[in-house]
Amino acid sequence: MTDTNTSAGGQAASEQEIRNEVRTWLEQNWDPNLSLLEWRKKLIDSGWGVPAWPKEWHGRGLTIGLGDAVDDELRKMGAVSVAKTGVRMLAAATILEHGTDMHKEKFLYQLLTGEDTWCQLFSEPGSGSDLAGLTTRADFDGENWILNGQKVWTTSAHHAKYGMVLARSNWDVPKHQGMTYFLIDMDQPGVEVRPLRQMNGHASFNEIFFTDAKIAPEFMVSKEGNGWKVAMTTLAHERRLADGIRSWGRGDKGTGRVYDEQKAEIATVMEPYKWYPQRAGRVDLLIERAKATGKYDDPTVRQAIAKVLIMAKAAEWTGRRVKAAHALGRQPGPEGSLGKLAGSQVARLAAQAHTLIAGADAMLTSEDGAMDGLISEILVSVPAESIAGGTDEIQRNIISERGLGMPKEPRTDVDRPFRDVPRNTVG
Amino acid sequence: MTDTNTSAGGQAASEQEIRNEVRTWLEQNWDPNLSLLEWRKKLIDSGWGVPAWPKEWHGRGLTIGLGDAVDDELRKMGAVSVAKTGVRMLAAATILEHGTDMHKEKFLYQLLTGEDTWCQLFSEPGSGSDLAGLTTRADFDGENWILNGQKVWTTSAHHAKYGMVLARSNWDVPKHQGMTYFLIDMDQPGVEVRPLRQMNGHASFNEIFFTDAKIAPEFMVSKEGNGWKVAMTTLAHERRLADGIRSWGRGDKGTGRVYDEQKAEIATVMEPYKWYPQRAGRVDLLIERAKATGKYDDPTVRQAIAKVLIMAKAAEWTGRRVKAAHALGRQPGPEGSLGKLAGSQVARLAAQAHTLIAGADAMLTSEDGAMDGLISEILVSVPAESIAGGTDEIQRNIISERGLGMPKEPRTDVDRPFRDVPRNTVG
Amino acid sequence: MQYTFSDEQEEFRLIVRRFMDDKSPTTEVRELMATDQGYDKTVWKQLSQELGLPGIHIPEAYGGQGFGFIELCIVMEEMGRALLCAPFFSATALAATAIMSAGTEEQKLTLLPDIASGDTLAALAYNESSGHWDPASTALTATPTDDGYVLNGAKSFVVDGHVADLLIAVARTPGTSGVYGLSLFSLPGNSGGVKRRLLQSLDPTRKLAQIEFDNAPATLLGESDAGGTTLPHILDLAAVALASESVGGAQKMLESSIEYAQLRMQFGRLIGSFQAIKHKCADMFLEVELAKSAAYYAAAAAAEQAPDFPAAASLAKACASDTYMKAAQECIQIHGGIGFTWENDTHLYFKRAKSSEVFLGDPNYHRDQLVLRWEN
Amino acid sequence: MQYTFSDEQEEFRLIVRRFMDDKSPTTEVRELMATDQGYDKTVWKQLSQELGLPGIHIPEAYGGQGFGFIELCIVMEEMGRALLCAPFFSATALAATAIMSAGTEEQKLTLLPDIASGDTLAALAYNESSGHWDPASTALTATPTDDGYVLNGAKSFVVDGHVADLLIAVARTPGTSGVYGLSLFSLPGNSGGVKRRLLQSLDPTRKLAQIEFDNAPATLLGESDAGGTTLPHILDLAAVALASESVGGAQKMLESSIEYAQLRMQFGRLIGSFQAIKHKCADMFLEVELAKSAAYYAAAAAAEQAPDFPAAASLAKACASDTYMKAAQECIQIHGGIGFTWENDTHLYFKRAKSSEVFLGDPNYHRDQLVLRWEN
């Protein structure tokens, strides 16, 4: 591994210097005819793969801003980056912040090369909105932690090598204090992965059943009972992930072995997400569809389309307003948390407008349906938009309490042993 | 007083017999040239004024159904009935159920003749939705109950002779157990009545200020601490009152002294209610207005009108469905409590449609406004529809808890001394 | 006007409901919706022979039960509640109603008894691929021949058209336009010149077919060129029947929401104790009750031939469609993630709601009709 | 595109807000709304001399401050928040904008400096009693004479028209129709042949006048027959200014709601701790933020002459109008009975919201425009 010191040693380099340096390195090293794995190893070893990571762990300790500049140079060059898809970056962020050196040593490199894929095992059938109410149990048998319980909504679990799992290790303390965070090897007899089919026919998620699954004590992250805090790190990165899905979908353009292998990797990882644009309502298609069906001439259809456009554009501009303010160094206001709620409404309104435009054709699907079934996929996918990633109701709680400073509801579940809190009995 | 026994002595008379009997009596006694007071005294004394009331108290002990038949005969004859306007019938029902003989003796007769008007003194600035949280205090000084506090939303208090008042007599018991119900003489120095102007310019309600107002102990209804239960009787009759407002407004048609005096009585009593039809949205005007303004040709206006019509007609039919089921002797379902919630939405949608139809004219009022200001009165009156008589939010609580049997929210205000319950500090 | 059901009607509803509970659990619905045929012949036989449902509103003179339109709507409501997979809507509510409204006395005597007994499955081939719901949009032509007519063109969205023994088709005399020249025709489903294809439908519990007519021989149903007069009423009756079905489905969504809200715990409380959920259920309840009132009123108006029936029909269809759709959506929302799974039954109703929303005209169309038909 | 405000703009907003807080408490608003004149001359003078607001977006060459349309919208937003009673919208946002868009260089040099200094109150007489908002509906005629034109007809809904020193009126050449033959004219408010009447307006904080022209002599503003070209842009700018004002009012309604929900106790709890209220506030907050984004975007699009400005203007007007109306309504609802009293300030905003909803075209009109103007 070449220890490419950034210019001027320990001193902070300017963005231009960094850009020059990485460009020079890329000019010398980027080769689209390498295998994806060969290239990524080279990139990781250079420190340009994850420049904002610490120097000890494959990075260069640059600021996020400079890291973005490096990524920008890679893009300009058309160079493929390290593996960033799926939930692996949540695992990486969590391990970097809370993991032991052993964890970092064992997991980070193959995570970046793309050899290992990861999954996140937090949600349970009995605890959705109330994540901290989870009941998957972790019991220490003197040698290993023994996991029993069920997780759900796990994307890509069927090909994940490792999982981040949150389980209850102590039932005699309040709910937030009794959870522990583990890194689990998914490839063991006590772990069963079953695909979960959705109402739109896709099966993007899995249910995971743990039956005496084993985790060696050294794969605990942080300490026993500290799981909630560690999970917060993972979740803090989750929204960023959601934003990223669109950009991964594209991949880099070019010809060569590395591109072909990246394309295959993306196809696998993106498979569960392919209906996500439809879930969001496909606002982009509305006017085009109205014109194609002749419904554009109907003023009531134009009203319906306008209502969608107003919400969708205003939400988009709100996002840009937040980013622009952030770029000027201003404290982000609570308006950042509004996007999700706006998205649900946009999706619902868009589905209504698409129905109005499709008319009788809304009854058909697949090849018989409008746009070869794309429109019907919108209609049966939008209900997920107001649920996935936190229901509208939870968003409104968050917005009113954290955003507007309104008083919390009196709670009865946080100040007594979890054992005594009423809860669902799950299979 | 003629003791006109119903036919066959103690035995129940058929509806037809009753109808014949009252018709005969009316043919002999009804005289439109009497004064209103003379006629009513005659009617009350005959027992045909309030036939469903007990025989000892001006009635004939008939069933409600037979009482309605008697009223129907009066209507057919064009005969003016006893005084039923305002909140007097709430007072009567409460006194009949919970009052002492002295109360009945003293209040009921003049209440029916129309000589005494009444007002209801329950709501307070600090307790609207939470009526049981009232803080007007009643302290016994050894001789009288001394009232201090403030009431609000009192219709017709400025000409009411008596009031039904609910006050807190014990602060050391849970909120529902510390209230006492009194009948108060409004004509005393400790009672100040101030009109309360609304955003639509009318002043239909009053604020009442009690400053050491006196109530002799014999004007307590039921016993100390039992006020909430008594108030429930009053409130149970309140919805019926709301339904009645429309029919009072009409009065009876005819010429003669009694009609003139009734007309004057109605004019006074109806004054505070004259904007109520506008508050409800004036659905009846929508199509007429759309045609008059040419907006009928706009499909988006037709959509807006249709949305109102659908809700309004479906709500009307729901009311009839409930009544029809009731007439067949079926248990009323929870659908009865839905009318108020539907009414709020109808009013709001109707205001939107009226705005759409009025266009720029919606900016004008009084003589400059559409229909001489009637339309603008709708626009500034509908906000009251979702508040008066219980907010939409309270209705949804009632419907979900009582109608649908959903679990109540955990409460913290009902199981400890009222003294310790956090509350508003009111002037 | 009859604002509530008689005791006999309530009793009848209970019988139908018991049958549905017994024969149409969602396990059964799921099995049938995966088949092309789309219904269970044994259940259809029982429903016909034990309850006589296919002939519910067909007069006794034509082999039916002789009940009225209100009873038909009670059946539709209960079937909608149970998502019964059976050709009742197509054969009885649509086709038999069309024959009763448009056919000659002789045709009624010939065609209706077998529909009433459940032996003949009939379907109404009205709509075309243009997706318009006004009769004027009919393009299928009926050309007179020596011994009848031949049909040319195509129909789409024909409920149960792929299995129907008898087709009632709306067609126009070549060269006519608008509501003029429209007539109804009958022909066997397996006639020469008839090509049927099962469509892939969003709601797999309601089968739709596309039917192509290539010189298919057909018999005039009732009078020639009378379609402009008979069709609006047939379509209004159909809309009210569908509204009734939707009301049944919406009621089921409400019940399912409340049931789940009273079972599911989060944050140590039943989710039904949170105002966000309670108030949502209160609103659903209000909407479902209003939709019921609208559908019941429209059914009574049909039965009593009230002058405001056309307006009431459009009102009921718009109201019930919106209510069902919203109730299904909210039911998913209240169930959270589980409500979006294939395993959970909510989506079966959601899809029925979506398809019913647009069938026979979407709420926008019927809202417009409502105002245009309103007698102020 | 500028998506947020610069530090200088934020600083400017603070200065304006401080002035409004100081000079336009609701006690003052209530006093002024009861007068015919409708504003306080002293405050207007301070606002003009201390802050230079009447000339905010008027170029320095014409005596103005030389700021842009974004700064104008900041002022409108803050005035809307404080319900300031002053002829700013009429003189600066409407009339000065019209002069800047349509006038000749010489006319700008003549007319604008006195508006910028606050000495001349100008008003835009555009709308007529038909209530239509498209320029084609103009009926007022301008007949050429030897030394100018004479106007005949009437204008209505003229903001501050009763006190304006200078009227800018839209009129058409007799015999023309549609968007052809439209021109702008200027004339003193007290000209011969001009009869002005204060209208009784729902929102007493914004005065409206009806103006009759009976052979009133007027001067052509800018080029003849150019109204069809200049007016749409003038109206779009006006709509965005009004949207900004509405956003300020809506924000105030949100703040007032939250404040009350955090003070008011019922059932032993702050009402703001009930989900029914919390979620209502969360929705209001969402809507207000979206309306802000729409108004800010449209203002920036105007300033940067972006091609999507017309669509953005309609989007912002529709969004802000609906949001303000809904926020005022919900603010009353959260206040309960007290929110419906004259004493409580909410109704002042409610009435402004209602009048702004329809002024310059209601949300339905602008939604339609939005789609028609959209470049997909």
Side-chain angles (χ1 to χ4, degrees), chain C residues 131 253-254 256-290 318 322-323 325-340 358 362-372 374, chain D residues 131 253-254 256-290 318 322-323 325-340 358 362-372 374:
Chain C
M253 292 293 88
L254 171 67
S256 166
S257 298
I258 295 168
E259 189 185 1
Y260 190 72
Q262 286 179 326
L263 279 175
R264 172 84 173 173
M265 295 255 184
Q266 294 285 274
F267 306 104
R269 286 165 59 176
L270 289 172
I271 62 167
S273 73
F274 287 101
Q275 280 187 331
I277 303 295
K278 285 163 88 145
H279 288 193
K280 204 187 274 295
C281 289
D283 285 337
M284 277 172 85
F285 177 52
L286 171 62
E287 284 160 26
V288 172
E289 286 299 319
L290 294 182
D322 276 344
T323 299
M325 197 62 240
K326 178 132 178 257
Q329 213 160 258
E330 294 292 34
C331 188
I332 293 175
Q333 186 70 20
I334 289 171
H335 277 77
I338 198 80
F340 191 69
V358 297
D362 65 27
N364 259 33
Y365 172 79
H366 281 287
R367 276 191 290 266
D368 204 50
Q369 287 294 310
L370 162 61
V371 174
L372 295 174
W374 195 264
Chain D
M253 292 292 89
L254 171 66
S256 167
S257 298
I258 295 168
E259 189 185 0
Y260 189 72
Q262 286 179 324
L263 278 175
R264 173 84 172 171
M265 295 254 183
Q266 293 287 273
F267 307 104
R269 285 163 61 174
L270 289 172
I271 62 167
S273 73
F274 287 102
Q275 280 189 331
I277 304 295
K278 285 162 87 146
H279 288 192
K280 206 188 274 294
C281 288
D283 285 338
M284 277 172 85
F285 177 52
L286 170 62
E287 284 159 28
V288 172
E289 286 299 320
L290 294 182
D322 277 343
T323 298
M325 198 61 240
K326 177 132 179 258
Q329 212 161 257
E330 294 290 35
C331 187
I332 292 176
Q333 186 69 21
I334 289 171
H335 277 78
I338 198 76
F340 191 67
V358 296
D362 64 26
N364 259 32
Y365 172 80
H366 281 288
R367 274 192 290 267
D368 204 51
Q369 288 294 311
L370 161 60
V371 174
L372 295 174
W374 194 265

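Within every chain, numbering begins at 1; the chains are lettered A, B, ... in the order of the sequence lines, protein sequences first and strands thereafter.
Among residues 256-263 of chain D, no residue has any heavy atom closer than 4.5 Å to a heavy atom of chain C. Inspection of non-hydrogen atoms places no residue of residues 328-337 of chain D under 4.5 Å from chain C.
The two atoms that bring D:A276 and C:Q275 nearest to each other are N-OE1, 2.9 Å, heavy atoms only.
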